[in-house]
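Pasting in a structure now, in structure tokens, and then I'll have a few things to ask.
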Amino acid sequence: MRSRIQRVLSSTATIRRIRRLPPLQSPPWRSLAATVSNSNLQRHLPQQPAWYSSSFMEEGSTSAIRKPKVLINDLESSMNKLLATEDPLSPEAWIESEELSSLLLQDKSIRSVVYSFQLLDRLLIDLPSPFGDWINTNLLNRMVGLWRVALWENDIPDYSVSQMLDRVLHYAQHHQLGNEKTLYLIVEAGVRSGKTTPEFAEDVLEKCITLWQAGNDPFYPTPPLFNIVTRAWMLAQRPETVTRIEAIVQRMVELMIPLNRESYLNMIQALAALGSTDAALRCEDILDRMAQAYQAGEITFSSLDGAFGGAFGMTITAWFKSGSPHAGRKAEELLRKMLDLHANHLHEKTDIIPAFNVAIQCQTMSGTISGAKKAQEIFNMMRERFTPDYISYLNLIQAWSIVGQPTRVEAIVQQMRTLYENGNEYLRPDSVIMTALISAHARSNSPNKVKDNREEAATRAYDLLQELKDAYKNGDESLKPNVVCYNSVMNGLARMKDPHRVSQLLREMFQDYEAGNKSAKPDVRSFNILLKAWSLTSDPHKGERAEQILKSMIDLSEAGKLDVAPNVISYTTLLTCYGSSNRPQKAEEVFNEMERLHAAGKLGAPTKQTLQLLKRAWLTSKDKNKRTRAKAVEREIALRFG
DNA sequence: CTAGGGTTAG
């Protein structure tokens with residue numbers, strides 16, 4: 001149905017021309033300039049709108065585009081004239097207002113947001129309009145929608161999220177404008193831009209519920225409003241996040257608001273983030289309830305929604321994050337259930353592939369060969385029906401890499417390379433894949449355990465790094481070796497008990513970093529690997545060597561050159577250097593230093609492993625009182641860690 | 001802005 005004003009307006013050639021302009025992607029002055037330059041149009045203009053000032057007309061079209069200020073000023077002057085009118089608005093003024101507001105709504109500047117609300121406020125004084133009810137909730141929601149976009153990157157004076165809420169509540173109370181969607185837009189704007197707290201979001205939700213319960217039907221709180229409050233809590237990542245989300249779901253149940261797909265998914269995702277076995281079990285519970293709701297017809301999925309994949313995938317993620325030893329088995333079960341439940345609704349891209357990928361990852365947690373075999377099985381099963389992506393390959397590679405099986409990894413990388421060369425550009429083996437391969441070598445164990453292959457393996461890892469460096473030098477950014485990659489190779493060299501080569505590579509790494517490869521910046525782990533290399537040698541002075549390294553770590557970080565302040569692992573490794581060279585007193589001194597630093601808040605607490613290594617330092621020493629000392633440490637372990 | 005990635009203390 002057309003309002004009176006629309007009928008009036010559409011009868012004039014002016015407005016017809018303006019309406020026929022393409023939708024404004026560019027600011028309004030640009031289109032207006034085009035309008036003005038069209039002489040044909042000008043003939044149809046019975047009278048120029050007030051904001052077509054003469055000065056603008058004289059400027060000519062091209063300069064008007066280059067000098068947008070001119071039009072803004074014209075808009076401003078006609079706006080100000082309108083706003084300053086104390087008498088009731090004339091019909092002409094109403095027509096002009098409608099034109100202005102439609103222009104403002106098409107421009108995404110902060111200025112037009114502010115203008116449009118000022119205009120609305122002025123018009124509300126004179127309501128009802130002589131031209132029907134074109135000032136309605138739909139218009140308000142479009143304005144709030146614009147404000148929301150503008151707020152994304154800016155703060156708008158006098159139009160903060162809470163000020164907008166006050167404003168909208170005022171409109172609702174005095175002008176019967178606004179509905180639940182209006183409130184949703186405000187919360188969404190605040191939440192997504194990070195400008196409000198979850199408490200604020202909850203507050204708006206409650207206000208909406210109150211309005212609705214007072215008989216204001218347009219404020220019926222829909223599931224998306226509840227869901228955006230839930231997201232607010234998720235983004236806040238507070239300890240009470242899950243409890244609050246549960247309370248929100250409880251509220252939905254009380255008010256008999258149906259839960260939708262996103263309500264269930266949010267709950268599962270929030271729980272998965274907790275990373276506990278209990279949370280993973282609760283995810284399974286919600287998954288079951290979701291399936292029941294689906295079978296009862298309470299939630300439906302359009303073909304684009306892709307059924308349950310997301311929920312299953314996130315539940316598997318919950319198991320992965322739980323670190324539970326059952327994660328692998330659980331992942332398999334859930335995958336099977338997913339395939340059974342929704343064989344016909346599975347969508348490759350959005351749902352299935354990630355679920356498989358996390359399931360593969362779950363198999364790596366045991367760190368056993370049989371885990372790697374399981375990972376391979378799942379990968380093979382996946383490949384029968386679907387298309388594994390980059391992450392699928394990476395996770396499979398990781399499964400074999402972690403158990404030190406470089407031959408398997410080499411083969412998989414080769415498969416990827418073949419697929420890449422056949423046109424699958426996403427499967428290009430990049431530095432991440434190559435790093436996984438490198439660490440597979442660096443971790444590899446001799447297959448027959450008779451001959452120590454560490455040197456050979458470390459050399460292979462080192463050579464691969466040189467290949468990456470060469471490729472990078474030749475301009476291949478995707479193979480740029482980064483800190484992880486260097487650390488892997490150093491780890492291989494450390495395993496062959498060669499601290500000199502480790503420290504040489506550390507220097508190379510530092511040079512690479514200084515030469516501009518910012519991603520090769522040595523970190524604490526790099527230095528810890530060097531410390532570990534010393535701890536593995538039989539050098540009687542390795543304690544002193546390690547202490548020197550620790551000192552330089554402190555110096556480097558205090559000088560602000562590298563961010564390598566020693567951590568608990570660094571000190572523990574130093575302790576091991578003394579401990580494994582028959583210097584238990586020195587090891588204990590290190591431990592005492594750690595305690596001191598911890599008390600001063602400069603270091604994390606020594607771990608159980610720290611104490612166990614101290615105990616071993618005494619036991620393996622030739623000290624006369626070694627048993628008594630070891631007993632004392634044992635008591636300390638019991639005391640601290642139960 | 002819906003999950004999933006590579007390095008660490010024998």
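None of these values were measured; they are calculated from a predicted model. Here is the naming used below: chain letters follow the sequence lines, and residue numbers restart at 1 for every chain.
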- Query: Given B:dC1, B:dG10, B:dT7, which nucleotide is nearest the side-chain atoms of A:R192?
  - Reply: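 So the side chain of A:R192 is nearest to B:dC1.
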- Task: With A:E333 as reference, evaluate A:R329, A:K337, A:R336 under the salt bridge (charged side-chain N to carboxylate O under 4.0 Å, His left out) test and give the passing residue.
- Result: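 When A:R329, A:K337, A:R336 are each tested with A:E333, the salt bridge (charged side-chain N to carboxylate O under 4.0 Å, His left out) holds only for A:R329.
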Donor-acceptor contacts under 3.5 Å from residues 394-404 of chain A side chains, at least two apart:
residue, atom, partner, partner atom, Å
A:N395, ND2, A:N357, O, 3.0
A:W400, NE1, A:Q376, OE1, 2.9
A:S401, OG, A:A436, O, 3.0
A:S401, OG, A:A440, N, 3.4
A:S401, OG, A:R443, NH2, 2.8

- Message: Rounding to an integer number of Å, can you tell me how far A:I402 CD1 sits from B:dG5 P?
- Response: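 Going from CD1 in A:I402 over to P in B:dG5 covers 12 Å.
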- Mind running ring pair (Phe, Tyr, Trp, His ring centres under 6.0 Å) on A:W534 and A:H541 for me, showing each step along the way? CA-CA 9 Å; A:W534 278 108; A:H541 303 295; over 10 Å; no
- Task: Determine the contact category for A:N491: base if any of its heavy atoms lies under 4.0 Å from a base atom, sugar-phosphate if only primed atoms, P, OP1 or OP2 are that close, otherwise nothing.
- Result: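 Answer is sugar-phosphate: A:N491 comes under 4.0 Å of backbone atoms only.
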- Item | Side-chain heavy-atom pair A:F527, A:L556 within 4.5 angstrom cut-off |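 When only atoms from C-beta onward are counted, A:L556 and A:F527 do touch, with a gap below 4.5 Å.
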- Query: Which nucleotide sits closest to the side chain of A:R231: B:dG6, B:dT2, B:dT7?
  - Reply: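 Selected nucleotide (nearest to the side chain): B:dT2.
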- Inter-nucleotide P distance (B:dG5, B:dC1), Å rounded: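 It comes out at 15 Å once rounded to the nearest Å.
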- Measure from the side-chain heavy atoms of A:D523 and tell me the nearest of B:dT7, B:dG10, B:dG5.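 Nearest to the side-chain atoms of A:D523, counting from C-beta on, is B:dT7.
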- Would you indicate what A:S535 reaches in the nucleic acid, counting non-hydrogen atoms under 4.0 angstrom: base, sugar-phosphate, or nothing?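 Sugar-phosphate: the residue A:S535, judged by heavy atoms under 4.0 Å, touches backbone atoms but no base.
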- Is it true that A:K521 and A:D563 make a salt bridge, defined as a side-chain N closer than 4.0 Å to a carboxylate O?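 A:D563 and A:K521: not salt-bridged.
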- Message: If I take atom CG in residue A:L271 and atom P in nucleotide B:dA3, what distance separates them, rounded to the nearest angstrom?
- Response: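 Taking atom P of B:dA3 as the reference, CG of A:L271 is at 17 Å.
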- Task: Tell me which nucleotide among B:dG6, B:dA9, B:dA3 gets nearest to the side chain of A:S431.
- Result: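 When the side chain of A:S431 is considered, B:dG6 is the closest of B:dG6, B:dA9, B:dA3.
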- Report yes if at least one side-chain N or O of A:Q269 is closer than 4.0 Å to OP1 or OP2 of B:dC1; otherwise report no.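 So the side-chain polar atoms of A:Q269 never come under 4.0 Å of the phosphate oxygens OP1 or OP2 of B:dC1.
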- Message: Need one value for A:K608: base, sugar-phosphate or nothing, where a base atom within 4.0 Å counts as base even if backbone is also close, heavy atoms only.
- Response: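 No contact at all - A:K608 keeps every heavy atom at 4.0 Å or more from the nucleic acid.
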- Task: Quickly work out the A:I569 CD1 to B:dG10 C1' distance and round it to whole Å.
- Result: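 These atoms are roughly 14 Å apart.
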- Query: Which listed nucleotide (B:dT2, B:dG5, B:dA9) is nearest to the side chain of A:R261?
  - Reply: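 Between B:dT2, B:dG5, B:dA9, the one nearest the side chain of A:R261 would be B:dT2.
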- Query: Looking at the side chain of A:S488, which of B:dG5, B:dT7, B:dA9 is the nearest nucleotide?
  - Reply: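 Of the candidates, B:dT7 comes closest.
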- Item | Contacting residues from residues 572-579 of chain A, given that a heavy atom lies under 4.0 angstrom of DNA chain B |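 Correct list: A:T573, A:T576.
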- Message: Counting the atoms with a prime plus P, OP1 and OP2 as sugar-phosphate, which does A:Q398 contact under 4.0 Å by heavy atoms, base, sugar-phosphate, or nothing?
- Response: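 It contacts sugar-phosphate atoms only.
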- Message: I want to verify a distance call: between B:dG10, B:dT2, B:dT7, whose nearest atom is closest to the A:R616 side chain?
- Response: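 Selected nucleotide: B:dG10.
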- Is the closest side-chain heavy-atom distance between A:H441 and A:Y462 below 4.5 Å?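 The answer is no; the side chains never approach within 4.5 Å.
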- Counting side-chain heavy atoms from CB outward, which of B:dG5, B:dG10, B:dG6 is closest to A:L613?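 Minimum distance to the A:L613 side chain belongs to B:dG10.
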- Options B:dA3, B:dG6, B:dG10, nucleotide nearest the side-chain atoms of A:V432: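 Among B:dA3, B:dG6, B:dG10, the one nearest the side chain of A:V432 is B:dG6.
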- Between P of B:dT7 and NZ of A:K480, the distance in whole Å: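 From A:K480 NZ to B:dT7 P: 20 Å.
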- Task: Would you please indicate if the ring centroids of A:F379 and A:Y393 are separated by under 6.0 Å?
- Result: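 For A:F379 and A:Y393, the ring centres are under 6.0 Å apart.
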- Message: Whole angstroms only, please: what is the CG-C1' distance between A:L274 and B:dA3?
- Response: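 Interatomic distance, CG of A:L274 to C1' of B:dA3: 15 Å.
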- Query: Which one, B:dG6, B:dG10, B:dG5, comes nearest to the side chain of A:N482?
  - Reply: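 Of the options given, the side chain of A:N482 lies nearest B:dG6.
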- Can you check the A:H441 NE2 to B:dG6 C1' distance for me, whole Å?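 Computing the A:H441:NE2 to B:dG6:C1' distance gives 15 Å.
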- Quickly work out the A:M416 CE to B:dG5 P distance and round it to whole Å.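 Rounding to the nearest Å, CE of A:M416 and P of B:dG5 are 15 Å apart.
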- Touch check for A:Y486, heavy atoms < 4.0 angstrom, all strands: base, sugar-phosphate only, or nothing?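 Nothing, no nucleic acid heavy atom in range.
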- Query: Can you check the A:M496 CE to B:dG10 P distance for me, whole Å?
  - Reply: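 Rounded to whole Å, this separation is 18 Å.
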- Under the side chain to side chain contact (heavy atoms under 4.5 Å, CB included) rule, collect the residues that match up with A:K608, sequence neighbours excluded.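 With sequence neighbours excluded, A:K608 shows a side chain to side chain contact (heavy atoms under 4.5 Å, CB included) to A:Q612, A:I637, A:F641, given in chain and number order.
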- Which atoms form the tightest heavy-atom contact between A:G579 and A:T620, and what is the distance?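 For A:G579 versus A:T620, the nearest heavy atoms are O-OG1, 3.7 Å.
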